[in-house]
Number of protein chains: 2
Amino acid sequence: MPRLARNRRTSVTIYDIAEKLSISASTVSRALRGHPDIRQETIEAVKAMAKKLNYQPNTMAQNLRERRTKMIGLVLPEIQSSFYASVLNGIEEVAFQKGYQVMVCKSGENYQRELVQVYALSNLVDGMLVCLSEQTQKTDHFRHLKQQGTPCVFFDRAPENVAGHRVLFEDEALGFALTENLIKAGFRHIAHLTGPNYLKACKDRLAGYQKALQQYGLPDQPELVLSVGFGYQDGRLGFQKLMKLSPRPDAIFAGSDPIATAVVVEARRAGISIPQELGLATFGSDPMHTLLDPPVTGLNPKGFEMGSTAAQLCIQEIEKTGKSTRYKTEYLKCDIAVRRSSVKLSGDEQLIASYSRYLKSDTHGDELVYIY
Amino acid sequence: MPRLARNRRTSVTIYDIAEKLSISASTVSRALRGHPDIRQETIEAVKAMAKKLNYQPNTMAQNLRERRTKMIGLVLPEIQSSFYASVLNGIEEVAFQKGYQVMVCKSGENYQRELVQVYALSNLVDGMLVCLSEQTQKTDHFRHLKQQGTPCVFFDRAPENVAGHRVLFEDEALGFALTENLIKAGFRHIAHLTGPNYLKACKDRLAGYQKALQQYGLPDQPELVLSVGFGYQDGRLGFQKLMKLSPRPDAIFAGSDPIATAVVVEARRAGISIPQELGLATFGSDPMHTLLDPPVTGLNPKGFEMGSTAAQLCIQEIEKTGKSTRYKTEYLKCDIAVRRSSVKLSGDEQLIASYSRYLKSDTHGDELVYIY
DNA sequence: CAAAATTATGCAAGCGATTGCGTTATCGGT
DNA sequence: ACCGATAACGCAATCGCTTGCATAATTTTG
């Protein structure tokens, strides 16, 4: 059969180099990778010729031959939010160091799309990093990965019944801490606005919230918990619903940054002042929240670490030789950053002091932590 | 030679399907893609068997054979900033629609790393999208792409002497408009804090700034222009330098969002009030700036459009059959959003009214535009 | 000095999918 | 009943690279 018309990319191959030097392609191949069988002279000649012809190895051919692609897939709900962007940043950094490329796919918090993306990536990448969409309840697509032998590491939001490494926050403990912080600040009717409770992350955060209420002798009022979604719109609508209750909640524990932002915006619009009339804390770390008026209590940023840890685990799993695997769950150490949105009585230094174990240096602007 | 030990991924191939059905692999291949030569019966049998065996085509083999990968590479300076995140979002969206995967690489504003990334991607992707790093002055790596026949579309920051499609802002016009806005607000000593002036984008924005000064009869004071970099630290240091001048500038035109954010933070720390003592406008669109106190004048967000437009151009270029190409530069329509940071006299409705042609609905909170 | 060991290279079989062309049935037409 | 047309499928080459094994050339060893 005749060679395909080289419509695009008249690429130089090892055969071209071989021909020029009157040697075989296998020798060229070995020379280029410094195989000890090949004479130093030959190696140099080959490399020189390769440079001269501007040879670039055909990655696809290598991939096919080597049965690996040096690519890892990433499926995440959203790209624009500060948190996921920083996760991606962490992943990219590690991948680059280890010579991997990152294929980014967003699910858009949509289960169907997550499904499509996972399948599309599955026969293309060596390993995968996944944060579940807020809609995801079925997890067959991940079992397909297992079956295929593609390592998959979950981060931030992980399924409960799928084997694999995980990198997570201490959802319950942090949910507890954020809620406790509001309680100690004097808030008593604390609402919780978050994602669907079939997600383990949400369940755990909610559990932390409830535990805090209980521990401080506050009633658990189900109407104060809205488990809808992580988005800005979810936050907006949730806020409006909450503000119609009577008595109105006097604080909100937001399950994500977009939710918290929505609360800030809507409260401002409604003329409700934070924190005097409404306390606020977020399970998030968008740097924006340190600059708002008032700055919003939340978590210290760990997105980069989450991404880099997950990527490391994944690559390690890809490259390991042994077959037995003990899957592990890494909980990222993360502490909360108390800011004015949860400090009811401005100027009450006593109160602020009592939180000193949480206090981060950015709280009062002396050492504002702002990362670009 | 014996088959390679199938260490990983015991994948099902068309040969497996063929064997099960006692037909040839070529028939399977044709059946799967619905070739008219193949009988309907056979097609169905093959598809059924494929599903039963959970067959997934080997993308690498296809890639090799088809001499294309259905992947596009993206090289950008930074991922975390809101603007580039939204660009990526736009790219991903279009790529997904058209069946392409996106490989994301960040240069970290580092020329060397940009170089490495471009070369690594060059023999892997069908096309590439690039935003230059702030260090990039040489552009040989892009000529290498041309030579290889890999389409490359530049966005936001493009080299001057490389052929290719571009998607850009109207840098000069917007630089003019933002500066003019400050002038009309009554500011007279307007500084400009931006990236290096060997970047065309910076040159153009600077030109717009100077043109505005000139048009309004203001002196062009070179010491007020600091062309250092786009980062937060650049902004911080630049701000500190500017504040040491006497007379001190009474307004700053920031060349990027991180710079503007740095100005806000540093001004707050230094007890300089915006806009009373210092006007501020940014060549950026981070939604954060709509929520700060005061909200910062800037551009309306066009990152998504920039990304999607660039991706469309790139894919179109990849898939076009003809060879002749007229490279085009698309200028994104983008208008400025005047906010309080550039409205010197609060309450001066007269003044605000005079900007009505710029005024966006988010300016006073009635219709705050906030996109997640 | 012949045999064994070493060194340096070539041959050819894959990796999995695609496809031009050849081959075998099947069928209608006269 | 014979022939060309059509339908349905198989063969084998190919994409570019890697690598086990064979081979040829050179050196070492007894």
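What's counted below: heavy atoms across the whole structure, side chains too, no hydrogens, waters or symmetry copies. Proteins come first, then strands; the chains are lettered A, B, ... in the order of their sequence lines, and each starts at number 1.
- Nearest nucleotide to the side chain of B/S24, out of D/dC11, C/dA17, D/dC15: D/dC11.
- Of all the heavy atoms in B/S11 and B/D16, the pair that sits closest is O-OD2, 3.7 Å.
- Side-chain contact between B/M60 and A/Q62 is absent, with no heavy atoms from C-beta onward closer than 4.5 Å.
- Checking the phosphate oxygens (OP1, OP2) of D/dT18, a side-chain nitrogen or oxygen of A/S29 falls inside 4.0 Å.
- Comparing the helix axis at one end of the helix from C/dC1-D/dG30 to C/dT30-D/dA1 with that at the other, each defined from 5 consecutive pairs, gives an inter-axis angle of 60° (nearest 10°).
- Two residues, A/T59 and B/D37, neighbour DNA chain D, and the one matched to the more 5' nucleotide by heavy-atom proximity is B/D37.
- Counting to the nearest Å, the P atom of C/dA17 and the CZ atom of B/R68 are 14 Å from each other.
- Atoms CG (A/D16) and P (D/dC15) sit 11 Å apart, rounded to a whole Å.
- Between the P atom of D/dC17 and the CG atom of B/N123 lies a distance of 10 Å, rounded to the nearest Å.
- For A/Q62 and D/dT18, the shortest distance from a side-chain N or O to OP1 or OP2 is below 4.0 Å.
- Of the listed nucleotides (D/dT18, D/dC17, C/dG16), D/dT18 has the atom at the smallest distance from the side chain of A/E66.
- The CE atom of A/M60 sits 13 Å away from the P atom of D/dC15 (whole-angstrom rounding).
- Between the CD1 atom of B/I38 and the P atom of D/dT6 there is a distance of 18 Å, rounded to whole Å.
- Under the side chain to side chain contact (heavy atoms under 4.5 Å, CB included) criterion, A/E109 pairs with A/P77, A/S133, A/E134, A/R157, A/F230, not counting sequence neighbours.
- The nearest whole Å value for the distance from the OH atom in A/Y15 to the P atom in D/dT14 is 11 Å.
- Among the protein residues, A/N58 comes within range of the sugar-phosphate backbone only, with heavy atoms under 4.0 Å from sugar or phosphate atoms but none that close to a base.
- The side chain of A/R67 contributes no N or O atom lying less than 4.0 Å from OP1 or OP2 of C/dG14.
- In this structure, B/S26 does not reach the C/dT19 phosphate: none of its side-chain N or O atoms is under 4.0 Å from OP1 or OP2.
- At whole-Å resolution of the value, CZ in A/R39 and P in C/dG10 are 10 Å apart.
- Salt-bridge annotation for A/K47 and A/E44: absent, with no side-chain N of the basic residue lying under 4.0 Å from a carboxylate O of the acidic one.
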Quiz prompt | From CA spacing to verdict: side chain to side chain contact (heavy atoms under 4.5 Å, CB included), B/V118, B/E114 | solution = CA-CA 6 Å; B/V118 167; B/E114 174 180 297; 4.3 Å; yes
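- As rounded to whole Å, 19 Å separates atom P of D/dT14 from atom CZ of A/R65.
- Among the protein residues, A/I14 comes within range of the nucleic acid bases, having at least one heavy atom under 4.0 Å from a base atom.
- Residue contacts shown for B/R30 include a base, since a base heavy atom lies under 4.0 Å away.
- Here A/T42 does not reach the OP1 or OP2 of C/dA8: none of its side-chain N or O atoms lies under 4.0 Å away.
- Side-chain polar atoms of A/S29 and A/R33 form no donor-acceptor pair below 3.5 angstrom.
- Residues A/G307 and A/I91 come closest through the heavy atom pair O-CG1, 3.3 Å.
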Exercise. For A/F83 and A/M306, run side chain to side chain contact (heavy atoms under 4.5 Å, CB included): C-alpha distance rounded to whole Å, both residues' side-chain angles, the deciding distance at 0.1 Å, then the answer.
Key: CA-CA 10 Å; A/F83 174 67; A/M306 182 165 272; 3.7 Å; yes
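- The nearest heavy atom of DNA chain D to B/A61 and to B/S22 marks one nucleotide each, and the one closer to the 5' end goes with B/S22.
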